[in-house]
There are 2 protein chains.
Amino acid sequence: MIELRHLRTLLALRETGSLVEAAERVHLTQSALSHQLKDLESRVDSPLFMRKTRPVEFTRAGLRLLALADEVLPEVRKAERDLARMAGTEMGRLHMAIECHSCFQWLMPTVDYFRDHWPEVEIDIPSGHHFDPLPALAREQLDLVITADPQPIEGVHYAPLFRYEGLLAVARQHPLAGQSFVTPEALADETLITYPVEQSRLDVFSQFLTPANVRPREIRTAELTIMMMQLVASGRGVCALPNWALSEYLERDYVSAVKLGEQGVWSTLYAAVREETLEAPWMQDFLRTARETSFAVLNGIKPATRDAESVA
Amino acid sequence: MIELRHLRTLLALRETGSLVEAAERVHLTQSALSHQLKDLESRVDSPLFMRKTRPVEFTRAGLRLLALADEVLPEVRKAERDLARMAGTEMGRLHMAIECHSCFQWLMPTVDYFRDHWPEVEIDIPSGHHFDPLPALAREQLDLVITADPQPIEGVHYAPLFRYEGLLAVARQHPLAGQSFVTPEALADETLITYPVEQSRLDVFSQFLTPANVRPREIRTAELTIMMMQLVASGRGVCALPNWALSEYLERDYVSAVKLGEQGVWSTLYAAVREETLEAPWMQDFLRTARETSFAVLNGIKPATRDAESVA
DNA sequence: TATTAAATATGAAAAACCTTCATTATGATT
DNA sequence: AATCATAATGAAGGTTTTTCATATTTAATA
């Protein structure tokens, strides 16, 4: 007999494209999923997907089950929400900090959805605190932190939201504009514009410049993405930002973007959550919504080169 | 986390009204269901139903889950059917015998549905065989037998379809017509009309007359319900039939019906199936459909006094 | 074409979970 | 009060699921 567990696994598998990542999503090991899916295939008596492609490719039977999952799981979630509300579950609290300055784009729709569906959870994004968000999370001053560098802290779980690529924004007439990628060395003569945070926190440094032992000629900071874009557009510097933060400016041909290195610089955005709160149904719903919304928003704005799977 | 198992149990519980019967439906023990439901209640953190009423009464939370089940399980069944078909499941065979002469009423819609949805299963109701159906089932000459008296046979499973009451049909002007029930003794002076089968097979005898050690004055047989009705209506005898077989004649005021004894004579109609075939998805679907269709038909034609639950 | 890195598969052991058994508790009915 | 039927419970047992450790496969790269 098919169980919801199976449908949840399949959905995670489609969203992540691999057993390894799907396993992380559903809080199981890769081995567990391998067994589970093998078992499911024997129950259903057909193979469900091809494992030798990246991302995995579903068979007709697999697609049929995914269709079922798409139909059924949202209903199940609704019911769970209703039930949680009926149980008069203790009013939850969701105070969050956003380390990544350009997340509001997809975070706001998520928060809106959430406010509608979980009116009894107090949601807030306290602005301008001067403490480190992650320790504040552990101290229970915050309940969720959106961050790109997970630091192991006792009792804190990092739920991956999505992967993204860091790109270098340059003026349209900048010599680098045409290139397929830049080398770290090419930045030695540039002014780099960053958010005003520690360099170790910035992917350009930790993943690109520092390993190559290169320092840009000058570093300027700016608080807002739009200010950075103005500086870049007017040729007063270059800056590294996530593909999705940039795409709105790229579409308007306001600036150009170049890959950082041949492979590009990729990282993952996480939601850091205390382990106890992770289990709460509203938290699960928030994470799910965040992933779905960011996926939709990020694909809606079509980051130039990347396809759906690799961003999700 | 809610699982389909839970939804299936709840549905069975609503349909049967008690843990004991629901357990039978889902092939588990009463104890298992008690545990399972208790566990579910703790997951959901609310009680789901009240156990002290007959039939059980669902709470708001329970109803919410039932609504989910109603929405989700039919979709799951559809998917399972599609998958079974994709797997190219070996062509099944469903040859059946109907011991109860008046079942076609609800059996035909069931068969029609089935033919539509499982075209690869060869369905047939071979008529007029002279052997005993149950042994023929064991011998694999038949695949399903509809019967009201389950006899323990190695490898044969009896899936309950529904309960029904046997009523005594009498002419409208018959002295018994007004009574709230008849005693066995009252039949000592009557002509009893039956189907031409062994008396031990007939509930009137096994559950009513024989225990009271009464024999009717005369016994006549008739092959068809309508013939019986004609005999009864013209005052040439009385006959005992299931409530639902009678109801069409009662509605037209063709005959009257009286309860057999104060408690009435109840029995259960079973589908007898070989254990191996029981597991086949199409067999499961057939049984489910048979139950649903008979429920619908039997309630559509509203047997005078009984309410939905007691018939189901 | 080796070689490596990443992903998936597999078998055995462990853990979790579910079901049964035997019994007790509860409630309805006589 | 006694009986009957249903439901709850705790412990034991069985099954299923998960993990761990390791092997195999695949794709990419030297």
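Chain A is the first sequence line, chain B the second, and so forth, proteins listed ahead of strands; every chain is numbered from 1.
A salt bridge links A:K259 to A:E165: at least one charged side-chain nitrogen sits closer than 4.0 Å to a carboxylate oxygen. Using a 4.0 Å cut-off between charged nitrogen and carboxylate oxygen, B:D70 and B:R14 count as a salt-bridge pair. Salt-bridge formation is not detected for the pair B:E75/A:R64: no Lys NZ or Arg NE/NH1/NH2 atom is positioned less than 4.0 Å from an Asp or Glu carboxylate oxygen.
Across the protein-nucleic acid pair, A:M50 atom CE and D:dT25 atom C1' stand 16 Å apart, rounded to whole Å. Taking atom CE of residue B:M1 and atom C1' of nucleotide D:dT17, one finds them 17 Å apart after rounding to whole Å. Following rounding to the nearest Å, B:Q36 (CD) and D:dT15 (C1') show an atom-to-atom distance of 15 Å. Per the geometry, CZ belonging to A:R8 stands 12 Å off P belonging to D:dT18, to the nearest Å. The nearest whole Å value for the distance from the CZ atom in A:F49 to the P atom in D:dT26 is 14 Å. Separating the CG atom of B:L40 from the P atom of C:dC17 is a distance of 14 Å, rounded to the nearest angstrom. As a whole-Å value, the separation of A:E3 CD from C:dC18 C1' is 12 Å. Across the protein-nucleic acid pair, A:L48 atom CG and C:dA9 atom P stand 12 Å apart, rounded to whole Å.
Side chain A:S18 to base C:dT8: no donor-acceptor pair is found below 3.5 Å. For B:S31 against D:dT9, a side-chain N or O and a base N or O form a donor-acceptor pair under 3.5 Å. One can find a donor-acceptor pair under 3.5 Å joining the base of D:dA8 and the side-chain atoms of B:Q30.
Contact annotation: B:K38 side-chain N/O to D:dT9 OP1/OP2 distance is under 4.0 Å. Between B:R5 and C:dC18, a side-chain N or O to OP1/OP2 separation shorter than 4.0 Å is present.
Considering only side-chain atoms of A:D39, the nucleotide from D:dA8, C:dT10, D:dT17 that sits closest is D:dT17. Nearest nucleotide to the side chain of B:A32, out of D:dT18, D:dT17, C:dT19: C:dT19. Closest to the side chain of A:L19, out of C:dT20, D:dA8, C:dA9, is C:dA9.
Heavy-atom distances to DNA chain D give each of A:L28 and B:R51 a nearest nucleotide, and the one nearer the 5′ end belongs to B:R51. With the nearest nucleotide of DNA chain D identified for both B:T53 and A:K52, B:T53 has the one nearer the 5' end.
By the 5.5 Å and 30° criteria, B:H35 is not stacked with the base of C:dT19.
The aromatic rings of A:Y164 and A:W244 stand perpendicular to each other, their planes meeting at an angle above 60°, with 30° marking the opposite boundary.
Residues B:V72 and B:L4 have side chains in contact (heavy-atom distance under 4.5 Å, counting atoms from C-beta outward).
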